[in-house]
Amino acid sequence: MKIICTGLNYVRHIEEFSNPVPENPVFFLKPETALLRKNRPFFYPDFSKNIHYEAELVLKIGKTGKSISEKFASRYIDSVGLGVDFTARDIQEKCRKNGLPWEICKSFDCSAPISSTFIPFDDFDSGAGIDFHLDINGKTVQNGNSTDLLFSFAKIISYVSQFITLKIGDLIFTGTPEGVGAVKIGDRLKGYIGQKLMLNFEVR
Ligand code: MG
């Protein structure tokens with residue numbers, strides 16, 4: 001399986017870093033070794049001094065497909081979970097400045113904590129969008145709704161599948177809303193979809 005991550009997909013998050021608004025979805029990959037499951041603690045890595053949380057809705061792909069049209073893209077979504085796209089922001093700034101790829105700042109081991117539970121996509125009311133939020137030490141730091149996505153789930157699936165075949169079990173991180181920030185050792189992160197607790201882990 002593979003993990004596809006969408007960047008720059010909520011306008012107010014793009015503004016946080018004064019990035020230009022992209023014309024098409026921007027995506028990158030994380031390897032399977034990035035997954036951190038079952039609310040295991042995240043161990044702060046030695047190579048960074050500025051690890052940021054990015055809470056994101058995560059789509060689980062339920063059907064293999066290539067060059068999927070936007071119209072049929074929702075049929076490829078099995079279920080929706082919650083994940084964190086941990087980012088070594090200090091390293092990312094260096095990569096950006098030098099025009100280098102993002103693997104060392106985004107794709108390191110355990111950089112993708114993921115909920116054990118995934119909610120069937122059909123359970124959501126498509127009109128209302130999907131609400132999610134992240135609390136750190138009991139305080140809400142990020143709040144998002146899928147209706148605020150710059151590129152919809154369908155657009156992401158359609159665009160990515162022009163280049164890369166999607167397979168059953170692949171995960172797509174759909175981007176983070178505004179409010180990203182640094183974590184420190186001892187922080188407890190709790191992520192919710194609606195009022196349902198999806199993620200609950202500690203930084204050590
Ligand atoms: Mg992200």
Side-chain angles (χ1 to χ4, degrees), residues 1-37 42 44-45 48 50-61 77 80-96 100-115 118 129-136 140-153 155-157 159-160 164 170-183 187 189-193 198-199 201 203:
M1 58 85 65
K2 56 190 170 290
I3 306 157
I4 294 154
C5 299
T6 316
L8 307 174
N9 206 19
Y10 287 85
V11 171
R12 285 195 295 276
H13 171 60
I14 294 171
E15 289 167 354
E16 282 183 315
F17 291 98
S18 310
N19 284 310
V21 175
E23 272 174 50
N24 283 305
V26 172
F27 72 92
F28 55 92
L29 301 184
K30 293 193 190 233
E32 203 172 340
T33 44
L35 290 176
L36 181 62
R37 298 182 192 271
F42 172 76
Y44 205 105
S48 174
N50 193 19
I51 298 284
H52 273 204
Y53 57 83
E54 297 186 356
E56 310 197 4
L57 292 171
V58 181
L59 310 178
K60 190 180 278 181
I61 295 298
I77 306 171
V80 182
L82 195 71
V84 175
D85 166 21
F86 272 131
T87 303
R89 200 69 78 195
D90 44 355
I91 299 177
Q92 189 187 32
E93 276 159 24
K94 283 186 202 157
C95 292
R96 274 223 170 96
L100 295 171
W102 282 7
E103 275 76 3
I104 61 167
C105 64
K106 285 280 200 183
S107 307
F108 52 88
D109 285 353
C110 303
S111 61
I114 186 91
S115 58
F118 274 69
I130 302 173
D131 255 321
F132 64 104
H133 68 275
L134 177 71
D135 290 359
I136 299 189
T140 301
V141 291
Q142 284 189 290
N143 243 314
N145 184 287
S146 58
T147 55
D148 294 328
L149 287 167
L150 183 60
F151 301 108
S152 65
F153 295 161
K155 175 73 190 179
I156 298 168
I157 287 170
Y159 184 76
V160 170
I164 300 178
D170 285 351
L171 299 173
I172 302 182
F173 280 61
T174 56
T176 199
E178 77 276 17
V180 300
V183 290
D187 282 348
L189 280 69
K190 289 187 181 182
Y192 298 79
I193 291 181
M198 302 291 288
L199 270 179
F201 68 96
V203 178

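Numbers for residues simply follow the sequence, beginning at 1. One-based numbering, in listed order, for ligands and for the atoms of each. Fair warning: this is a prediction, and the values are worked out from it, not measured in the lab.
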Listing protein N, O or S under 2.8 Å around the Mg ion (ligand 1) gives E54 OE1, E56 OE2, D85 OD2

Pairs where residues 16-33 contributes a residue and the test salt bridge (Lys or Arg N to Asp or Glu O under 4.0 Å) is met, not counting sequence neighbours:
K30-D85

I want to know whether F86 and F42 have ring centres closer than 6.0 Å.
yes

Please identify which of these residues, I156, I114, L82, meets the side-chain contact (heavy atoms from CB on, under 4.5 Å) condition with F173.
I114

If the condition is side-chain hydrogen bond (donor to acceptor under 3.5 Å, both in side chains), which residues does K94 pass it with, not counting sequence neighbours?
none

Close side-chain approach of V180 to R89, heavy-atom, < 4.5 Å
yes

List for me each residue that meets side chain to side chain contact (heavy atoms under 4.5 Å, CB included) alongside N145, sequence neighbours excluded, and say none if there are none.
D131, T147, D148

